[in-house]
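Residue numbers start at 1 and run along the sequence shown.
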Amino acid sequence: MYKIETEAKDLVSHGVNACAGCGLELVFRNVIRTLGEDTVAIIPPGCAALFSGIDNVTNMKIAGYQCNLENTAASAAGVRAGLDAQGNKHTTVLAFAGDGATADIGLQSLSGVMERGDRVLYVCYDNEAYMNTGIQGSSATPYGANTTTTPAGKPTYKKDLLKIAIAHHIPYAASCSVANLPDLVKKVKKAKDVNGPSLLHVHTPCPTGWAFPPAKSIEVCRMAIETGAWVLYEYEEGRITVNKKVKELRPIGDYLSLQGRFKNMTEADMEVLQRETAARYEELLASEG
């Protein structure tokens, strides 16, 4: 059985300057440990850039480099093409980027990789805003959430990244959460072995941007699953499977109340989000098989 570690002993240094309670560090350490040293990591500017480092300093003990914000997937595709030209089919090419660099400015690049069928493992750690540059809203920011660019609450819904990926008919795509690391590890292993592009979309808590105590990161993400705000499912060779079924969804308010970013939501707003959340969950259940 896979043993979950919170401190890396091999491929990531013990000391990194992530914020207290940041889910990103848990995601990165477990992804890299699962993939192993035969991996090249492509990381754009953003919170995860603390792993790729600056100048001649890095927190990784694997090959990799920091690309531009908009071309993570294209950079990974270039590395993949270079390795393939050398006859290297064994090295994993990992693109590791946040929601802004994935669902917003990098979406065109990612779409190209998925359409071409490039063998790239793309991990989007989704903290639901541009956290590194001041908590500006992104297309992954949920309805009603407060950011510095949506101070009254975001008036539109979160972009459905996995549906976009599935529309490209890629071999494998899955949602993950720091609240269930064994599930994340299992899906990383699956994605690694895919002959083509794969996408992992990971719910990644940010205490600073979401406005909750750092010690509550796992609790907050677990509540997201229990309310249906985040659903663990996977798309594999044309089939959808909901990995964690909730017998009865808890009220969406149980999740929203744990975070300060939803403080401006009215009861009417919560009712709208409750209906949308429940409908999406039922839609996923109905699409299984």
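In the displayed structure, Lys186 atom NZ is contacted under 6.0 Å by more than 12 heavy atoms of other residues, nucleotides or ligands. Other residues, nucleotides and ligands place more than 12 heavy atoms under 6.0 Å from the CD atom of Glu288. Counting non-hydrogen atoms of neighbouring residues, nucleotides and ligands closer than 6.0 angstrom, the NZ atom of Lys163 reaches no more than 12 such neighbours.
Side chain of Gln274 to main chain of Ile252: a donor-acceptor pair is present (N/O by atom type, distance under 3.5 Å, no hydrogens or angles). Distance alone, capped at 3.5 Å, places no donor-acceptor pair between the Thr204 side chain and the Leu24 backbone. Side chain of Thr150 to main chain of Pro155: no donor-acceptor pair is present (N/O by atom type, distance under 3.5 Å, no hydrogens or angles). Side-chain atoms of Ser109 come within 3.5 Å of backbone atoms of Ala74 as a donor-acceptor pair (strictly under, hydrogens ignored). Between the side chain of Asn180 and the main chain of Ser177, no donor-acceptor pair closer than 3.5 Å is present. Checked by atom type and distance alone, the side chain of Ser217 pairs as donor or acceptor with a backbone atom of Gly21 at under 3.5 Å. Not one N or O on the side chain of Lys244 forms a donor-acceptor pair closer than 3.5 Å with the backbone of Leu232.
Comment: Lys154 does not engage Glu128 in a salt bridge, judged by the lack of any side-chain N to carboxylate O separation of less than 4.0 angstrom. Ion pairing of Arg29 with Glu25 is present here, as a side-chain N (NZ or NE/NH1/NH2) and a carboxylate O approach within less than 4.0 Å. Under a 4.0 Å N-O distance rule, the pair Asp99/Lys158 does not qualify as a salt bridge.
Residues Ile42 and Ser75 come closest through the heavy atom pair CG2-CB, 3.7 Å. The shortest non-hydrogen separation linking Asp254 to Arg250 is OD2-NE, 3.2 Å. Of all the heavy atoms in Val113 and Ala77, the pair that sits closest is CG2-CB, 3.9 Å. Between Gly137 and Thr147 the shortest heavy-atom distance is N-OG1, 3.3 Å. Closest of all the heavy-atom pairs between Ala101 and Pro44 is CB-CG, 4.0 Å.
Expressed to the nearest 0.5 Å, how far OG1 of Thr102 lies from NZ of Lys159 amounts to 10.5 Å. Leu200 CG to Leu94 CG: the interatomic distance, rounded to the nearest 0.5 Å, is 9.0 Å. Separating the CH2 atom in Trp230 from the OG atom in Ser175 is a distance of 6.5 Å, to the nearest 0.5 Å. Expressed to the nearest 0.5 Å, how far SG of Cys176 lies from CG of Asp126 amounts to 11.5 Å.
Between the side chains of Ser111 and His168, a donor-acceptor pair is found at a separation under 3.5 Å. Under the 3.5 Å distance criterion, with hydrogens and angles disregarded, a donor-acceptor pair is assigned to the side chains of Ser139 and Asp104. Checking Tyr130 against Thr149 by side-chain atom types alone, no donor-acceptor pair falls below 3.5 Å.
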field: salt bridge (charged side-chain N to carboxylate O under 4.0 Å, His left out) evaluation trace for Glu234 with Lys187
entry: CA-CA 8 Å; Glu234 59 187 340; Lys187 289 170 177 174; 5.5 Å; no
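The closest side-chain heavy-atom distance from Phe262 to Ser257 is not below 4.5 Å.
Ring orientation note: the planes of Tyr125 and Phe96 are close to parallel, at an angle under 30° on the 30°/60° scale. Using the six-membered ring where Trp is involved, Trp210 and Tyr255 have ring planes that are perpendicular, over 60° apart on the 30 and 60° scheme.
Taking hydrophobic clusters as Ile, Leu, Val, Met, Phe, Trp and Tyr residues chained together by side-chain heavy-atom distances below 4.5 Å, Phe28 does not share a cluster with Val120.
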